[in-house]
Structures are given as structure tokens and as C-alpha cells.
There are 2 protein chains.
Amino acid sequence: MAKTHRVGYQKIKALVMQSIRNGTWGPGALVPGEVDLAVQYGCARATVNRAMRELAEEGIIDRKRKAGTRVKQSPIRQAKFSISVIREEIETSGAAYRYMLVNRMQSTAPSWLCAKLDLKPTDQVLQLHCMHYSDKRPFQYEDRWINLSAVPNAADIDFETIGPNEWLVREVPFSDVELKFSATRATNTLADFLDCAVDDALFTVERTTWLNGTNLTFARMYFGVGYQLATKL
Amino acid sequence: MAKTHRVGYQKIKALVMQSIRNGTWGPGALVPGEVDLAVQYGCARATVNRAMRELAEEGIIDRKRKAGTRVKQSPIRQAKFSISVIREEIETSGAAYRYMLVNRMQSTAPSWLCAKLDLKPTDQVLQLHCMHYSDKRPFQYEDRWINLSAVPNAADIDFETIGPNEWLVREVPFSDVELKFSATRATNTLADFLDCAVDDALFTVERTTWLNGTNLTFARMYFGVGYQLATKL
DNA sequence: GAGTGGTCTAGACCACGGT
DNA sequence: CCGTGGTCTAGACCACTCC
């Protein structure tokens, strides 16, 4: 008789998903404990544990010690985006990447930035305006602020040939990142740089980066018209 | 002698991250194999494996059999968004949720939709226009198409009191989702429903859902002015 | 072929948190 | 308290892939 292939965690995940979908364990239902499932499916508890842990990470179930495992009311999955360096994103698409520094200015932090990044009004910041092109077509306009109190050696870089994004990722360690996605109505300046009409809608990403509680940098990135950030899950 | 607390996988992750950040293993470098690390850190290989597996999932390292583990050129983390049911998103923020059906229409699939979703021109689709409010303020305008060939029982729902998003998530199993984020310039209709000016920039999400290769539904969701999708990582 | 990661097992101890 | 998930171990076999 064919020995049934060893039962793996992926198989378990599939079986559990099936039981959830076909209503055996409806939303909110209490799923049997790991030991029971291990017996039922004929595998080790560790295998069940891995399957259930991943389902929990994916947002399908809720697990609590003692309380057990329950199916979520709305089994919603999480989207994952790889936030890459812009040069890589463009080159991956097969286009040629070009970078241009528009403007570089050192000053004390404006008040709105102080509030946003928790800086002192006397802190020095470096402001950069940059353009990123994909095959000579405008791809992204970057408005970057670097906290020189936290990243002093940025003051010595001219950023003429390397973008701040790429330099920072390579040179400066960070611990936390916040991303905010939104839409921006194109101003005259933006329309000019991104070669679009005034009032066009621009997909916008704000990125803030910290190292252990102190802010390193803040950037607003405006993408050209028609840009879409896509993900499969 | 104080027995050093048992070495856990989180500790290993932290140690590896530290070695990457301080340059011990620079971008592209080959990280020692699991057995070596297990000896070095004084734990079982399974523990190292879990740590490295998670770092790989987070996009910090690349792992290949035989080739070994390498630090990614740009150790960038992935953003995670929990894509929730809109009602839950609003209610979590403490506001009251209100839903309104604007329009419901059954017809054959228009050609652009056929192309997008791989439908036949004779396929029946259900089109819905809906509004979602947060504390009576316009929050999202939803333009939804449901493939009735794949979800026939949607034809029997009037969607007057429950949104298609919520109904679908609850009633219809799916296997794949694609999300696209972009920006849209407000038309007269959108400005009217979302209570904003014509030409305002609207954050937009397109969501396409499949079950084992056949498309179930496609939706374009326009958010009110000022909406930001945020994530920390 | 041989080295590396991928996975499974059987058993154990621990920590959280309902009861 | 004590059941449940969370984690670790030591050992094993497998599968992929580079050489």
C-alpha cells in the first residue's frame, strides 16, 4: 500500500483553510487545540504549530494561550509590499534609471518639520529636491529632509550623483520606518518636474525613518501620473 | 554560575541584524551556514533556522540551498498592510459607520472589463455604486463589479443594507487578491459624492479577487480628500 | 556528488491568562 | 490552578542546486 506522503505544514494549512471555508469552523468558532489536530492529521504538534502560526500571521485566525484558537470574524489577509530602492524598482522594470539633484540646502529645521519629527528649532537639517527618471521620462520627484543631528556625515555628501534614498539605505542603519500613502494635487512646480498638467492627481508616499527613537529623515515622494503600486497576496 | 538565559530565535535575529548593520556581513556577503551559527550562538539548528527564515521573509536576506545565505544588496523591509473590511476600519477609529447603495445594475460585461478580468462578452455582471461614511462624512466611493458567472447568488442580494465588500468577504471564498494603489483626479460625480472640489486628488485602491484562476470581483475605491494609508514596520 | 537549507519528529519546559 | 499556545532541542531525512 502506498505510504501516504508525510504530512507537511502546508498540507495542514490547506486542510484548515478548507474546514474554515466549508463552514466546519465558522467565523468565531473555536478550533481544536494543537494536540488534537496533531492526532487528527497524524503529525507532530510542531507541524501543526507552524501551520497555525502562519495562518495567524496571515490574519485568518486568532490565537491566545489558554483561550485557544478561533477563526477571525473577517478572515482578512495582509498585503505585503517590498519597499525597494527606487533605482532597483526602475531597473527591474527594464528601463534605464537616471537621477538628478535639483536643489540642496542646509538650514535650521522649519517649525512644521520640528513638530513632525520631534526636533529642536536649532537643529540643522539638509533639504534636498531630486528627480528620478525612468528611460528619460519623469518618474518621481523627491522632497527629502535629513536630520543632521542624527546623520552628521550627510553634510559632507553633495548628492550630485547618488540619490539620498540610496545613500541613506547603504550608509545609515535604521530601526523603524513609517510609510503613508496618499494623493496630491499637482502644483505648478510638480507639474513642471513631472511633465504633467497642473491639478493632475499624483500618487504620493511619505516615508519617515528612525533609529531607536531619534528621527533620521523624512521624505515626500511624488510619482508621475499613471503610477500604480501593485501587490498580490 | 548564572546559567545564561536560553538563546531564543528572536535573540538570534537581533544578533544577525546587528552583524549586518555594523558591517560584519555587508550587502551581498555570505552568512555562515545554519550549523555554524547554531554552534556559535549555542543553540539548536532549528532555532537558527527559524530566525533566518523570518529574516528572509522580511526581505533582509536571501537563502538558497547549497548556495547558502546572503545579505541582500538593499536590506529593505517589507511593508505590511492589513486590508480590512471598511466598516471595521472606520469603527476602529471610533467613528460611526454608515453605508448607502447608490446604484445597482445588472448587464453583460463591458469590453474593458472583459479584458481586465478575462470574461466573455456574454457574461453577466452586477455593477454597484456605493458610499461609505465615517460619522456622516464621506469616506469612500466604491465602484464594484461582480462576476455573476462565478458568484451567481450575488444576483439575489439587494445590497441595500450590507456593502458588497462585507458580503463578499463573508460569503465567498477566494484564493488570490491583487491590490493597486494610485491617485485619481476627481470628476464631477466623485466630487459630488465625496464632498470635495473637482480636480482634487483622490487616493484610489483597485482590488481584484480570484478563486483558483476565475475572477470573482473587481472594485475601484476612491477615498475622500486627506485620506492616508499608513503603516509602520 | 556533496553541501546547504527545508522540514518533520518526539519530547520537554515555559509563560500567559482564563477559571 | 492548569490548559493552551510558544518555544527549544537533538536528531533525522529530504530536495534542491552548485560544482
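Proteins come first, then strands; the chains are lettered A, B, ... in the order of their sequence lines, and each starts at number 1. No experiment lies behind these values; they were computed from the predicted model shown.
- Atom C1' of nucleotide D/dG6 and atom CZ of A/Arg63 are separated by 9 Å, given to the nearest angstrom.
- When heavy atoms are screened at a 4.0 angstrom cut-off, A/Ala67 is found touching no nucleic acid atom at all.
- Under a 3.5 Å cut-off, the side chain of B/Tyr227 and the backbone N or O of B/Tyr222 do not form any donor-acceptor pair.
- Atom CG of A/Leu55 is separated from atom C1' of D/dG5 by 15 Å (rounded to the nearest Å).
- Between A/Arg65 atom CZ and C/dC16 atom P the separation is 6 Å, expressed in whole Å.
- Per the geometry, CG belonging to A/Asn49 stands 18 Å off P belonging to C/dC13, to the nearest Å.
- For the pair B/Glu54 CD and C/dG5 P, the computed distance is 17 Å after rounding to whole Å.
- Side-chain N or O atoms of A/Arg144 include none that pairs as donor or acceptor with a backbone N or O of A/Ala219 at under 3.5 Å.
- In this structure, A/Lys66 and A/Ala46 both approach DNA chain D, and ranking their closest nucleotides by distance from the 5' end singles out A/Lys66.
- Nearer the 5' end of DNA chain C, as judged by each residue's closest nucleotide, is the contact made by B/Gly33, out of A/Gly42 and B/Gly33.
- Applying the 4.0 Å criterion to OP1 and OP2 of D/dT7, one finds that B/Arg50 has a side-chain N or O inside that range.
- Look at A/Thr69 and you won't find any side-chain N or O under 4.0 angstrom from OP1 or OP2 of D/dT4.
- Residue B/Arg53 has no polar side-chain atom (N or O) positioned under 4.0 Å from OP1 or OP2 of C/dG5.
- Side-chain atoms of B/Asp135 come within 3.5 Å of backbone N or O of B/Ala96 as a donor-acceptor pair.
- Annotation: B/Lys11, atom NZ; neighbour count of heavy atoms from other residues, nucleotides and ligands within 6.0 Å does not exceed 12.
- Remark: P of D/dC8 and NZ of B/Lys11 are 13 Å apart, rounded to the nearest angstrom.
- Residue-level contact check: B/Arg45 touches the bases, meaning some heavy atom is under 4.0 Å from a base atom.
- Judged purely by atom type and a 3.5 angstrom limit, A/Thr217 uses its side chain to pair as donor or acceptor with the backbone of A/Trp145.
- For C/dT7, the OP1/OP2 oxygens have a side-chain nitrogen or oxygen of A/Tyr9 closer than 4.0 Å.
- Contact annotation: A/Thr47 side-chain N/O to C/dT7 OP1/OP2 distance is not under 4.0 Å.
- Summarising the geometry, the separation between CD on A/Glu34 and P on C/dG11 is reported as 16 Å, rounded to the nearest angstrom.
- For the pair A/Gln10 CD and C/dG6 C1', the interatomic distance rounds to 10 Å; values are reported in whole Å.
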